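Written below as structure tokens is the structure these notes are about.
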Amino acid sequence: MAKKLLLIDGNSVAFRAFFALHNQLDRFVNADGLHTNAVYGFNTMLDHMIKAVEPTDMLVAFDAGKTTFRTAMFDNYKGGRAKTPSEFSEQMPYIEQLLDAYGIQHYKLKDYEADDIIGTLAGQADAAGYTTTIVTGDRDLTQLTTDQTTVAVTVKGVSEVERYTPEHVQEKLGITPTQIIDMKGLTGDTSDNYPGVTKVGEKTALKLLKEYGSIEGVYENVDAMKQSKMKEHLIEDHELATRAKVLATIKRDAPITVSVTDLEYKGPNIDQLAEFYQAMDFQSFLKKLKVANDEPAAPIDYTVLTKANLAELVQFKTAVEFYLEMPTANYHTSAFAGFAIGHEGHWFISRDVELLLQPAVAEILASETIQKNVFDMKRTIVGLNRLGLTLNAVDFDLLLVSYLLDTNDNSNDLGSLAEQHGYLDLPTDEEVYGKGVKRAIPDDDQLFFSHLARKLAAIAALHADLMKKLDENEQTPLYDDIEKPMAIVLAQMEIAGITVDSQTLQAMGSQFKERLSEIEQTIYHEAGQEFNINSPKQLGKILFEDMKLPVIKKTKTGYSTAVDVLEKLAPEAPIVANILQYRQISKIQSTYVVGLLDAIHSSDQKVHTRYLQTLTQTGRLSSVDPNLQNIPVRLEEGRKIRQAFVPSHEGWQIFSSDYSQIELRVLAHITHDKNLQAAFKEGDDIHAATAMRIFNLKSPEEVTPNIRRQAKAVNFGIVYGISDYGLSQNIGITRKQAKAFIDAYFQEYPGVKQYMTDVVAQAHEQGYVETISHRRRYLPDIHAKSFNQRSFAERTAMNTPIQGSAADIIKIAMINMQAKLKSAGLKATMLLQVHDELIFEAPKEEIPTLAKLVPAVMDSAVKLEVPLKVESHFGDTWYDAK
DNA sequence: ATACTCACG
DNA sequence: ACGTACGTGAGTATC
């Protein structure tokens, strides 16, 4: 059998694992007080790689100690590094224990680093005809890449890797694997603390290597180079470069005492591994072991509910767990598969949802005094509503609470969510029902009923613990006063739905159809051939190969044909403008005409979206089936789609109110910046005010539309967590100019600058950022070594409190609004939310009332240090509410 | 299933 | 020197 060798750079991967889970350091502590995050991450990586590679042979190499032949050569090698945290060091012996339980060999060698062991073994393996995979967090090891050896470098967390083959190295770096050491020789390595040639960075080194092949090649030709600073540096730093190359070169002949022939991997010792997991408190790995070894979940007691034993439900006087099973995601249309109700181990199950209509059940659900504990209350409310039932007094919603504790816990599966919280006695729906086309509710009563009973048991088991965590995070008010009432309001909006006039849409559709085929013919004519305009691949070939237009941007797989690219190409050939036109119309046609028509319920001519309340990382809602938060508005062509959104009664109108500049107002509030606040208090045009400040203008007359546009982009950039590059791309200026704009902005708004610094620091220290309502977002990548990942996390740290607080505010407004509509006895109905905008339908005569009431409620949702501003519109269709 | 493109705030 | 703006969902092509 073909030999497959898996070599792991132990220290490097352990270190990556440690930092990948650094923000959860406190959560990864076992009963003995030992930190376990690195062990856990290491295990995750092992499982992942063993599954991906299916190795026949395996070894994990470790560094032997601080001193090596490299430190002997250069005593400052790896000097100046921050001290290894003790929380990390204490875990290393346990990683070795983990490997022993897995039956994986590990090895270290005095005076050598793990790299050298790996390099030597990989060389032996190549010679012996093995296929080898090396796993590491250190990009330098890519120098070991050959036709038989792939280097997998961890990119995000520990289980996602980038696989380097010689081709990939060439593609990514533009050099061969063996040239990597020449590159390091020229540039040096700051993290290992050795210098190369002064002022030579990656770009310069690449150029030199392209021309001369290697360091040796460079120096053979250095005399012939034309006079330059670089030439001087090269000559001056010759010795440094030579030494750097040696330091960077991984040994292929380290005096190791293991041989590639004795690394056979036979698989783990299950008992030993289970014992280890127990000691580490790794519940999820324990469960995986059990599942892999086919240990069935513990049996659970339940009672089949029938008309005959309904009376037994009177025992539930204070609280019940309740679950309504609907097999498909869209609960507006899903079938009902059954339900479960009970408390404290007394679980009652039935497939017959008609039983819910019996007073014995219906009264419990509607009771204001019996607390209900559920998973996904909004889904439950809408489902029950279809049966004519009401759900009141929800106490605990496992889905909502999990999401508030950690926005990443947004799985819609109770079993996987429970597992995340350490509850292991509930399989996932996928495990019980299957997936894809095979997914089905089991015919086997025992199987299905046990699953439902286990769902209730899971909700009950996690209730107290998660509520306590919520309280520790100071998130109880966020849950009680915002998310729970929000779920009820959203359920009402979804149930209400919005009427869509299908005739209007169909008329638009046939017009678009005609125009599309006209443009299509023109494009074929201009291209000189027929092709699929909707295929970026075929289009790319036509534009950039056949018509030889200049390539402006590439995607991973080919030429980019995105709007910004095509706009640049438009002057080159008339076909480009036609393609843009075709794209625009075909988008409207497929997504908004056809897509929306498909979503109309034939029973009431309405669309009933579902708002996902536990999905976004910032606290915003999202909308699906159909998405009503991205109906066209910017371009007139598309905006006409809104003419199809009409009131559900004769004599009614559509009314909408939106917050003006809510994110910038939130920014002014949380940064306490006096200048920004002053602009809002004065009621200034905020973009013009920013323009005057950053361009140092004396009077408002000097603010031309173009200057205002640039200032507006700067304001947006600030909200997004600004970077000079991003801003320069957005408004088509140089990076240097963009940087000058940003500097000027921070000069004028020092409070904003201070905030940006503080919030990033806070993310570093606490591992998360918060909104004004204590909504929390964890940012593990804030500690990432990769510039890219870390920068992304930093921008997110700046943006999330702003975007998230704005989301909090409109949620509060919606809850207050719904209450107000009821108390005022209005017929007006809240239908939609589009992030900073609320849309209603109402009898014409109520419009003047709404015009006062809605802005009043929205303004006063929270008290900020700056006023909120609301603008309202109304008309016969959504289009006309402008 | 994934990549690309494009609609919204 | 690095290489991106923040947050979403859906349709289509292509594997």
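Source: prediction; values computed, not measured. Note on naming: letters A, B, ... go to the chains in the order of the sequence lines (proteins, then strands), and numbering restarts at 1 for each one.
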List, one per line, each side-chain donor-acceptor pair under 3.5 Å for residues 720-732 of chain A, sequence neighbours excluded.
from     : atom 1 : to       : atom 2 : distance (Å)
A/Ser723 : OG     : A/Gly726 : N      : 3.0
A/Ser728 : OG     : A/Asp724 : O      : 3.4
A/Ser728 : OG     : A/Tyr725 : O      : 2.7

Taking atom C1' of C/dT4 as reference, at what distance in whole Å does atom NZ of A/Lys739 sit? 17 Å
Distance test, side-chain N/O of A/Arg634 to OP1/OP2 of B/dC8, below 4.0 Å: yes
Considering every strand and a 4.0 Å limit on heavy-atom distances, what is the contact class for A/Thr561: base, sugar-phosphate, or nothing? sugar-phosphate
Counterpart residues, ring-ring contact (aromatic ring centres under 6.0 Å, His included), relative to A/His608 (two or more places apart): A/His332, A/His601
Any ion pair linking A/Lys640 and A/Glu636 (charged N to carboxylate O, less than 4.0 Å)? yes
Watson-Crick or G-U wobble mate for C/dG7, both contacts under 3.5 Å: B/dC8
Decide, yes or no, whether a salt bridge links A/Glu567 with A/Arg583 under the criterion of side-chain N to carboxylate O below 4.0 Å. no
Determine the interatomic distance between P on C/dC2 and the same-named atom on B/dT5; round to the nearest Å. 24 Å
Side-chain (A/Asp237) to main-chain (A/Leu240) donor-acceptor, under 3.5 angstrom: no
Using a strict heavy-atom distance below 4.0 Å, which residues from residues 530-539 of chain A are in contact with DNA chain C? A/Asn532, A/Asn534, A/Ser535, A/Lys537, A/Gln538
Touch class at under 4.0 angstrom, heavy-atom based, for A/Val594 against every strand present: nothing
What does A/Arg583 touch in the nucleic acid at a heavy-atom separation under 4.0 angstrom: a base, only the sugar-phosphate, or nothing? sugar-phosphate
Taking side-chain hydrogen bond (donor to acceptor under 3.5 Å, both in side chains) as the definition, give me every residue that meets it alongside A/Ser622, ordered by chain and number, with sequence neighbours left out. none
Are any of the side-chain nitrogens in A/Glu162 or A/Arg139 under 4.0 Å away from the carboxylate oxygens of its partner? yes
If B/dA3 has a Watson-Crick or G-U wobble mate with both distances under 3.5 Å, name it; if not, just say none. C/dT12
Base, sugar-phosphate, or nothing: which does A/Ile631 touch, judged by heavy atoms less than 4.0 Å apart? sugar-phosphate
In whole angstrom, give me the gap between the P atoms of B/dC4 and C/dA5. 13 Å
Assign a letter to each nucleotide of nucleotides 5-10 of chain C from its 5' end: B, base within under 4.0 Å of a protein heavy atom; S, sugar-phosphate only; -, no contact. BBBSBS
With A/Phe840 via ring-ring contact (aromatic ring centres under 6.0 Å, His included) - residues at least two apart: none
May I ask you to decide whether A/Asp546 forms a salt bridge with A/Lys541, counting only side-chain N to carboxylate O separations under 4.0 Å? yes
When you compare B/dC6 with C/dG3, how far apart are their P atoms, in angstrom units rounded to a whole number? 25 Å
In whole angstrom, what separates A/Ile588's CD1 from B/dT5's C1'? 14 Å
Whole angstrom is fine here: how far is it from CG in A/Asp564 over to C1' in B/dT5? 11 Å
In whole angstrom, give the distance that lies between atom CD1 of A/Ile542 and atom P of C/dA13. 15 Å
